[in-house]
Amino acid sequence: MVRFFQACADGLLTGALYALIGMGLALIFGVMRIVNFAHGAFLMVGMYATYVLFDYFKINPYVGFLPAGLFCFIFGYIVYVALIRPVRDRSHFMQILMTTGIGLILTDSAQLIFKADYRQTNIDLINRSVHLGPFGANAAEVLSFVIALAFVMGLRSFVVRSRTGQALRAISQNPEVAPLMGINLVRIQSFSFALGIALAGVAGGLLLPRLYLFPGVGEDYTTKAFVMVVLGGMGSVEGAAFGGLVLGLSESLTSLYLGNQWALIIDFVLFLLVLSFKPSGIFGRQRA
Amino acid sequence: MRLKAFFVFAIACLCTLMLPAWGQATTKIGVITSLTGSLAAFGEAHKNGYAIALDEINAKGGVLGKKVELDFYDDQSKPDQAVQGVSKLIDQDQVPILLGSYSSESTKAIVGSVTQRETPLIIPTATADNVMDSKSPWIFRICAGATDYAKATIAFLKANGAPKKMAIVYENTNFGQSNMKAMTAAAREAGIELVAVESYEAKSPDYKAVLQRVKQANPDVIYFCSYLLDATTLMRQAREVDLNPKYYTSAGTGFAAAEFPTEKGAGKNADFTFSVSQWLPDAKWAGSKEFDAEYFKRFNSHPAYHAIQAYSALRVAAAAINNAKSLDPAKIRDAIKNINLTSTPFGPIKFENGQNQHPVLITQVQKEQYRVVFPPDAAEAKPIIPAPAWSKR
């Protein structure tokens with residue numbers, strides 16, 4: 001039983017980071033109906049930004065993820081204005097091609113600049129662990145979890161409470177009518193795209209201490225982010241956060257009971273099951 | 001007018017194509033290794049080993065009266081890139097012989113295309129048994145293989161407490177799979193029960209669930225088949241899940257890398273782990289210490305066996321070209337077949353069916369240093385068994 005709860009705890013530690021990644025993707029999808037196939041690549045950009053701060057300026061990744069997130073926000077804004085806005089009203093097919101292309105260019109640029117080397121930060125914290133009764137966890141993973149959770153909560157109350165958040169939700173509910181109510185569509189869209197990318201960047205910065213860094217690191221996360229968004233109900237930001245936690249749990253428990261090689265397979269089995277039987281997400285209502 | 005321009009252009013092209021054929025001041029030897037990517041630490045060791053051999057060879061006048069030049073191709077730790085390297089080095093650069101690659105995965109991938117191009121390949125470090133499966137007459141291997149690793153580990157265990165239950169944890173590519181298979185067979189033969197056989201993907205950040213499964217099976221011995229970054233994470237997380245077998249053993253590689261017992265790798269978590277090894281700086285062969293000293297002088301770190309295997313591969317290649325008195329690949333191949341180096345820093349080198357017969361040592365990390373503990377005639381320290389529980393370290 002201890003093993004079960006330990007695996008659940010490990011799963012949630014990873015799941016909170018997944019939640020952050022999924023929320024970013026859901027935000028972009030909800031407000032723009034654009035599926036961002038470059039999401040994992042932006043996460044990788046956030047990781048490299050944090051790594052560069054660590055390597056050249058000796059800034060601890062747990063501080064460095066903030067400027068890295070800001071960098072991703074600005075970078076996301078520029079990408080929106082230069083590349084996404086022109087295809088905003090085109091077919092989904094065009095948008096998929098566009099974001100996939102952006103992802104490839106980002107990954108290959110990273111390879112060009114940083115080479116294919118694997119990098120690790122090896123900060124002191126990664127070798128410490130915290131214990132609570134029979135349970136133990138890596139200190140760095142716990143810190144990443146706490147920060148990620150704070151961001152998830154913060155984003156949630158931002159979307160629910162603030163005026164901009166209300167505008168976001170209005171557009172997500174009805175992109176035709178919302179502008180008629182005086183909401184500046186382009187401004188809100190560019191903001192939410194940038195915010196979504198910033199969240200991916202922050203998640204990248206928080207992943208860095210516990211993972212290795214290489215140019216292709218984001219690829220898996222793009223597909224995982226899809227699974228989360230589908231699990232939580234397309235476009236629902238809270239749902240995606242929930243989907244992230246579910247995914248973290250399922251991976252950890254699958255590895256414990258079936259073996260590590262099954263974890264990814266089960267992820268996608270979940271994805272297909274939800275898509276075929278409950279396309280509105282595990283807890284979702286059918287959207288208007 | 002246009003026709004004339006075309007002719008000039010065509011002739012210029014032809015001349016460029018013919019350029020390698022005449023007036024070459026050096027002899028090029030092709031090298032494929034992993035200079036970047038997840039295995040870059042090992043590629044670096046290769047490069048350093050080759051550099052030392054190269055200077056030695058050129059100081060003695062090179063081969064066939066010409067200086068040797070190494071033509072490197074970086075496979076980025078990916079098998080498909082290694083295959084591209086074969087066509088770049090043989091088809092374009094027309095090297096008469098190839099050395100490489102680093103990993104079993106990449107090396108297995110190039111065996112076919114090298115054989116097809118009828119060019120000899122000397123393999124310095126790929127331990128998977130299946131790289132020699134093709135029985136290709138063009139393939140020669142310096143290092144001992146996975147079956148030798150498994151047999152040496154079992155012999156060591158039998159002589160030191162004869163544990164009964166083993167778990168194998170392996171990374172899921174050619175290197176790990178091959179070593180897992182070799183150990184499965186060797187353990188069965190020795191009557192050791194396999195209580196868990198777990199694979200993992202080397203890119204994953206979290207092996208805790210895998211280690212939990214191993215802990216549940218409660219083995220006396222764990223045999224790891226891992227590269228460097230995963231070995232580091234595995235040992236850190238073994239501490240976190242408080243996994244305490246009597247013996248941590250391993251199929252070398254990550255667990256035998258020069259970085260592994262240092263702060264750059266697993267640091268203190270590496271203590272008490274056993275590993276197979278093919279060579280150490282204080283090995284008994286003449287020239288070992290000199291190689292170590294030269295390496296330390298140049299690169300400010302002590303070499304692991306990967307470096308000296310690369311060094312030996314280049315030495316063999318140069319000796320073979322000199323013996324063949326030709327740059328014809330077929331003649332070089334025949335010269336490698338007949339090579340018999342009785343004294344090198346890596347021990348005697350002689351190929352039987354393409355395989356150099358090389359003995360395997362067992363080392364243990366003691367106070368962040370590799371010490372040879374088996375076989376007895378090579379041992380310089382006593383093995384510490386059992387590994388102390390994490391809570392008592």
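Please read these numbers as outputs of a predicted model, since none were measured by experiment. First the proteins, then the strands, lettered A, B, ... as listed; each starts at 1.
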Exercise. Do A:Gln111 and B:Gln76 have side-chain atoms, one donor and one acceptor, less than 3.5 Å apart?
Worked result: yes

Exercise. Is it the side chain or the backbone of A:Leu258 that comes within 4.5 Å of chain B heavy atoms, both, or neither?
Worked result: backbone

Exercise. With a 4.5 angstrom heavy-atom cut-off, which part of B:Gln212 approaches chain A: side chain, backbone, both or neither?
Worked result: both

Exercise. Given that the side chain runs from C-beta out, which part of A:Leu264 has a heavy atom under 4.5 Å from chain B: side chain, backbone, both or neither?
Worked result: neither

For this session: Return yes if some donor-acceptor pair links the side-chain N/O of B:Arg213 with the main-chain N/O of A:Tyr257 below 3.5 Å, else return no.
Result: yes

Exercise. What residue in B:Ala40, B:Ser38, B:Ser34 has the most heavy-atom pairs under 4.5 Å with chain A?
Worked result: B:Ser38

Exercise. Would a 4.5 Å heavy-atom cut-off, applied to side chains only, mark B:Arg239 and A:Asn127 as touching?
Worked result: no

Exercise. Can you tell me if CH2 on B:Trp390 sees more than 12 non-hydrogen neighbours from other groups inside 6.0 Å?
Worked result: yes

Exercise. Is there side-chain contact between A:Tyr212 and B:Asp230, with heavy atoms separated by less than 4.5 Å?
Worked result: yes

Exercise. Is atom CZ of B:Arg393 surrounded by more than 12 heavy atoms (other residues, nucleotides or ligands) closer than 6.0 Å?
Worked result: yes

Problem set entry | Smallest separation among heavy atoms of B:Glu240 and A:Ser129, with atom names | CG-CB, 4.2 Å

Problem set entry | Which atom of B:Leu229 lies closest to which atom of A:Gln120, heavy atoms considered | CD2-OE1, 3.0 Å

Problem set entry | Where B:Asp206 and A:Asn260 come nearest, the two heavy atoms and their spacing | O-ND2, 4.5 Å

Exercise. Can any side-chain N or O of A:Asp10 pair as donor or acceptor with the backbone N or O of B:Lys208 at less than 3.5 Å?
Worked result: no

Problem set entry | Approximate separation, where rounding is to 0.5 Å, of A:Arg210 CZ and B:Thr233 OG1 | 11.0 Å

Problem set entry | Contact origin within B:Leu35 toward chain A - heavy atom pairs under 4.5 Å | backbone

Problem set entry | Distance (rounded to the nearest 0.5 Å) between B:Asn172 CG and A:Gln261 CD | 7.0 Å

For this session: Over all heavy atoms of both residues, which pair between A:Ser255 and B:Ala209 is shortest? Give the atoms and the distance, please.
Result: CB-CB, 3.2 Å

Exercise. Is it the case that more than 12 heavy atoms not belonging to B:Lys246 sit under 6.0 Å from its NZ atom?
Worked result: no

Exercise. Heavy-atom distance under 4.5 Å to chain A: side chain of B:Lys268, backbone, both or neither?
Worked result: neither

For this session: Count the heavy atoms of every other residue, nucleotide or ligand shown that sit under 6.0 Å from CZ of B:Arg298, and state whether that count exceeds 12.
Result: yes

Exercise. Any chance NZ of B:Lys47 has more than 12 other-residue heavy atoms, nucleotides or ligands included, within less than 6.0 Å?
Worked result: no

Problem set entry | B:Asp242 versus chain A, the contacting section by heavy-atom distance below 4.5 Å | neither

